[in-house]
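Here's the structure, in structure tokens; my notes come after.
Worth saying up front: this structure is predicted, and the values here are computed from it rather than measured. Lettering of chains follows the sequences in order, A, B, ..., and the numbering in each one begins at 1.
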Amino acid sequence: MPEGHTIHRIASDHAKLLVGRSVSVSSPQGRFSADAALVDGDVLDRIEAYGKHLFLWWRSGYVGHVHLGLFGRFRVQKLTIGEAEPVPVGAVRMRLSTTSSVIDLAGPTACAIFTASERDAIVDRLGPDPLRSDAQPARAIERISRSGQALGALLLDQSVLCGVGNVYRAEALFVNGLHPSRRGRDTSPDELVTLWGTVVSMLCKGVKDNRIVTVDRRELGVSSNRRLRRGEATYVYHRDLCLRCGTPIQTVKLAGRPCYYCPRCQPS
DNA sequence: CCTCTATGGCGAA
DNA sequence: TCGCCCTAGAGGC
């Protein structure tokens with residue numbers, strides 16, 4: 001679920017329900033109770049997405065920080081007028097509720113109430129976010145072009161650029177015919193500019209679709225409106241055979257996780 | 001019912 | 001590099 005596109009989508013979806021309103025904040029599971037009390041009933045001014053981080057700007061000056069990690073999920077329920085709040089299902093770390101909706105957060109890696117300067121400290125450790133209009137791609141491109149690290153490792157390094165996860169790194173490299181083990185410094189500036197562009201467009205599409213679909217449907221030969229199944233929506237990620245040429249997909253461990261690639265379409 | 005997996009990231013070695 | 005945290009859905013029996 002959560003690469004950068006998920007977080008940006010959540011930010012805009014949740015903003016429609018919460019921003020400008022007084023929000024009840026609680027922790028049915030209990031682990032977030034003390035922090036929740038700091039902002040319970042406060043007005044939410046803004047929700048900000050930065051890479052895989054979500055920041056909730058409260059009018060009091062507190063800033064909520066959420067990182068979904070691998071398992072975190074939000075569930076949104078809309079309430080009809082006068083409807084009582086539903087009983088939480090499972091382990092709900094944080095519940096945000098208004099008279100018209102309830103948003104439950106389960107399984108996050110991080111969920112805490114910070115100050116603005118703590119939020120800044122997190123952001124300072126991040127590279128440019130391709131989904132943000134204030135992103136400076138040159139920062140990422142320069143860093144990659146000086147690095148002896150593999151592209152597959154650099155794309156997953158949130159301090160180089162942020163928001164890309166294990167699916168998008170594999171798919172973006174595939175689309176550009178780049179082997180994941182190619183070193184950053186062995187990649188031309190032109191190739192890196194194009195790679196950045198690929199990441200931007202893939203993530204943007206992910207926000208729109210609210211899921212990861214990197215394949216061009218025309219290459220699939222399926223009717224254009226059928227919803228793609230999981231495993232149909234990528235060229236190499238988690239596939240046995242390359243969607244384009246049928247070659248068996250290989251993986252190489254980079255940044256501690258398997259990077260899927262096609263040895264034929266992405267020669268070293 | 002159970003076991004396995006997952007689109008992350010941290011801190012201890 | 002490894003272990004660990006956290007949850008839910010899928011699939012097997």
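The aromatic rings of Y235(A) and F174(A) sit parallel to each other, their planes meeting at less than 30°, with 60° as the upper class boundary.
Of the candidates dT7(C), dA8(C), dT5(B), dA8(C) carries the atom nearest the R73(A) side chain, counting heavy atoms from C-beta on.
Salt-bridge annotation for D104(A) and R95(A): present, with a side-chain N of the basic residue lying under 4.0 Å from a carboxylate O of the acidic one. Between D216(A) and R218(A), at least one side-chain N (NZ, or NE/NH1/NH2) sits under 4.0 Å from a carboxylate O, which counts as a salt bridge.
If you take atom P in dT5(B) and the same atom in dC13(C), they sit 14 Å apart, rounded to whole Å. If you take atom P in dC5(C) and the same atom in dA13(B), they sit 14 Å apart, rounded to whole Å.
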Can you name the atoms? Protein N/O to nucleotides 8-12 of chain B N/O, anything below 3.5 Å, with the distance.
{"from": "dG8(B)", "atom 1": "OP1", "to": "K52(A)", "atom 2": "NZ", "distance (Å)": "2.7"}
{"from": "dG8(B)", "atom 1": "OP2", "to": "R257(A)", "atom 2": "NH1", "distance (Å)": "2.3"}
{"from": "dG8(B)", "atom 1": "OP2", "to": "R257(A)", "atom 2": "NH2", "distance (Å)": "2.5"}
{"from": "dG8(B)", "atom 1": "O4'", "to": "L70(A)", "atom 2": "N", "distance (Å)": "3.3"}
{"from": "dG8(B)", "atom 1": "N2", "to": "T109(A)", "atom 2": "OG1", "distance (Å)": "3.4"}
{"from": "dG9(B)", "atom 1": "OP1", "to": "H67(A)", "atom 2": "NE2", "distance (Å)": "3.2"}
{"from": "dG9(B)", "atom 1": "OP2", "to": "K52(A)", "atom 2": "NZ", "distance (Å)": "3.3"}

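In this entry the distance linking CZ of R31(A) with P of dC5(C) reads 11 Å, nearest Å. Going from atom OH of Y237(A) over to atom P of dT5(B) covers 12 Å, rounded to whole Å. Whole-Å rounding puts the R211(A) CZ to dG9(C) C1' distance at 15 Å. Atom pair Y260(A):OH and dT5(B):C1' shows a separation of 10 Å (rounding to whole Å applied).
Annotation for V63(A): hydrophobic cluster partners, listed by chain and number, are Y50(A), F55(A), W57(A), F114(A), I122(A), V123(A), L126(A) (ILVMFWY side-chain heavy atoms under 4.5 Å, direct or chained). The hydrophobic cluster containing V89(A), built from Ile/Leu/Val/Met/Phe/Trp/Tyr side-chain heavy atoms closer than 4.5 Å, comprises no other residue.
The residue R75(A) sits close only to the backbone: its heavy atoms come under 4.0 Å of sugar-phosphate atoms, none of a base. Q29(A) comes within contact range of the sugar-phosphate backbone alone, with a heavy-atom separation under 4.0 Å but no base atom that close.
Residues Y168(A) and L151(A) fall within the same hydrophobic cluster, defined by Ile, Leu, Val, Met, Phe, Trp and Tyr side chains chained together at heavy-atom separations under 4.5 Å.
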